[in-house]
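Reviewing the structure listed below.
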Amino acid sequence: MINRRYDVVIVGGGIVGLSVALEITRRFPRLGLLLLEKEDRVARHQSGHNSGVIHSGIYYKPGSLKARLCVEGARAMVQFCREHGVPHQICGKVIVATSEDEVPRLEELRRRGEANGVAGVQTIGPDQLLEIEPHARGLRALFIPSTGITDYSAVCGKYAELIQVQGGTIALSTAVTNLRCFSGDVIVETNGPTFSAANLINCAGLYSDRICRMAGEKPDATIVPFRGEYYDLVPERASLVRSLIYPVPDPRFPFLGVHFTRRINGTVDAGPNAVLAFRREGYRRRDFNLNEFAGAFAFPGFWRMAAKNWKSGVAEFHRSFSKQAFVRALQRLLPEVREEDLVPGGAGVRAQAVKPDGTLVDDFLFVPSGKMLHVLNVPSPAATASLPIGRAIADMAAQNFGWQ
Ligand SMILES: Cc1cc2nc3c(=O)[nH]c(=O)nc-3n(C[C@H](O)[C@H](O)[C@H](O)COP(=O)(O)OP(=O)(O)OC[C@H]3O[C@@H](n4cnc5c(N)ncnc54)[C@H](O)[C@@H]3O)c2cc1C
């Protein structure tokens with residue numbers, strides 16, 4: 001029995017689903033909107049297990065959605081935090097080249113930053129680096145003054161509050177279990193009531209491809225989960241890091257390499273690495289789900305990705321099991337850090353879309369299809385970019401669903 005009909009149902013109470021709901025309830029207040037989240041609170045997965053960085057937009061290919069929405073999103077996020085009293089700080093960041101071969105890549109990042117409109121980026125030498133981060137070492141670095149930090153769980157809490165003030169409904173502990181079409185509506189079955197909706201927007205993060213398949217679609221990409229593990233610097237050594245110290249990333253991967261992040265609560269963490277997870281919401285090394293593991297193994301793109309990247313995959317696994325190897329990677333940026341300065345911290349799992357040919361989808365990917373719209377790849381910097389992502393998806397929905 002259908003419990004209630006809505007104009008639009010959003011699946012997923014992470015920062016992306018919430019930002020879409022925030023924008024729709026603001027722009028189309030007459031639409032009946034329901035957001036379904038399977039956990040008992042919002043931001044329980046990627047949006048509540050990340051580094052908390054407001055990225056500047058320096059890394060991303062000029063002209064990509066990531067570049068445009070990140071630069072716009074960083075400004076919007078700072079303004080949102082200011083307006084709503086969410087703790088944040090513009091602390092700046094350094095990206096440090098520690099070997100000669102990284103220097104041209106650092107310059108390429110600077111060019112990207114300029115092309116993307118990131119303000120105030122400076123190339124600095126070892127002495128200036130010491131003035132900004134007294135314990136960091138490198139041949140050359142980029143200083144990006146506009147990078148900031150915040151608490152994205154708190155941001156999500158505020159988005160949820162505003163959605164409800166604007167007339168939207170959020171149903172927690174409600175997992176979508178099946179989707180079907182009937183009489184021109186989407187029928188949304190859950191572990192509780194069944195709903196019907198004129199339209200549906202899938203923002204299910206680590207399960208977005210599964211929701212897409214539930215809708216009878218064949219998505220062009222499959223989600224592969226990559227766990228990112230952190231260590232925390234012990235409080236008495238937190239002074240080794242003033243704000244954010246990053247390596248020059250390997251351009252073949254979408255991940256940034258292990259780095260130091262000062263959190264908005266003053267603690268400092270190191271990480272995250274990027275290890276293949278054997279369960280989509282597997283936060284511990286021992287987490288394993290046979291069904292999900294078998295699904296990944298049956299996907300040809302998984303094997304092609306593994307064949308292309310097995311060397312770095314093995315190195316990441318080694319770093320996951322060997323604290324010594326993890327610390328060695330960190331010592332390239334901060335030679336004084338020692339194993340005893342670090343204690344195990346949290347972990348997050350990234351939803352990375354992989355194509356059947358084994359390539360990792362680099363840009364954000366939103367796919368409209370009939371009465372639905374699927375958000376299939378929104379990795380970092382999607383928390384930073386969440387507000388313009390919400391606007392872009394609401395624009396797409398308005399156009400495809402005929403909203404006035
Ligand atoms: C380790 C790590 C570090 C990161 N660092 C940064 C950073 O510093 N800065 C930055 O900008 N970005 C960062 N990111 C990226 C950012 O966190 C993500 O891009 C963003 O949170 C994605 O949001 P989301 O809403 O798509 O996914 P999620 O937050 O995962 O939300 C998806 C939601 O869908 C729900 N769901 C799934 N299936 C169902 C179902 N069947 N029914 C109902 N609900 C369902 C889930 O429970 C979940 O709450 C990081 C990510 C990770 C993992």
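Read the numbers this way: they start at 1 and go in the same order the structure lists the ligands and their atoms.
- Each of the atoms 33 (C), 34 (O), 35 (C) of ligand 1 lies under 4.0 Å from some heavy atom of G12.
- A 6.0 Å sphere centred on NZ of K323 holds more than 12 heavy atoms belonging to other residues, nucleotides or ligands.
- For H259, the ring pair (Phe, Tyr, Trp, His ring centres under 6.0 Å) partners at least two apart in sequence or on another chain are Y246.
- With ligand atoms numbered from 1 in the order given, ligand 1 contributes 43 (C), 44 (N) to contacts under 4.0 Å with heavy atoms of L36.
- For residues 351-362, the salt bridge (charged side-chain N to carboxylate O under 4.0 Å, His left out) pairs, not counting sequence neighbours, are K66-D362.
- Counting only non-hydrogen atoms, the option in S47, A175, C70 that gets closest to atom 29 (O) of ligand 1 is S47.
- The H49 neighbourhood of ligand 1 comprises atoms 1 (C), 2 (C), 52 (C), 53 (C), with distances under 4.0 Å to a heavy atom of that residue.
- Remark: R332 engages E102 in a salt bridge, criterion side-chain N to carboxylate O under 4.0 Å.
- Atom CD of E340 has more than 12 neighbouring heavy atoms from other residues, nucleotides or ligands inside a 6.0 Å radius.
- Ligand 1 lies within reach of S51, whose nearest heavy atom is under 4.0 Å from it.
- The ligand atoms of ligand 1 that sit less than 4.0 angstrom from a heavy atom of G52 are 8 (O).
- The residue from E37, Q352, E39 that puts a heavy atom closest to atom 46 (C) of ligand 1 is E37.
- Atom numbering of ligand 1 starts at 1 in the shown order; those under 4.0 Å from a heavy atom of P379 are 19 (O).
- Cation-pi check for R319 over F317 is not met; the charged atom does not lie both under 6.0 angstrom from the ring centroid and within 45 degrees of its normal.
- Within the structure, ligand 1 has I211 among the residues with a heavy atom less than 4.0 angstrom away.
- Aromatic rings from H49 and Y283 are positioned such that their centres are separated by under 6.0 Å.
- At least one heavy atom of T174 lies less than 4.0 angstrom from ligand 1.
- Residue-ligand proximity: Y230 is placed with a non-hydrogen atom under 4.0 Å from ligand 1.
- For E107, the CD atom counts as densely surrounded, since its 6.0 Å shell holds more than 12 non-hydrogen atoms of other residues, nucleotides or ligands.
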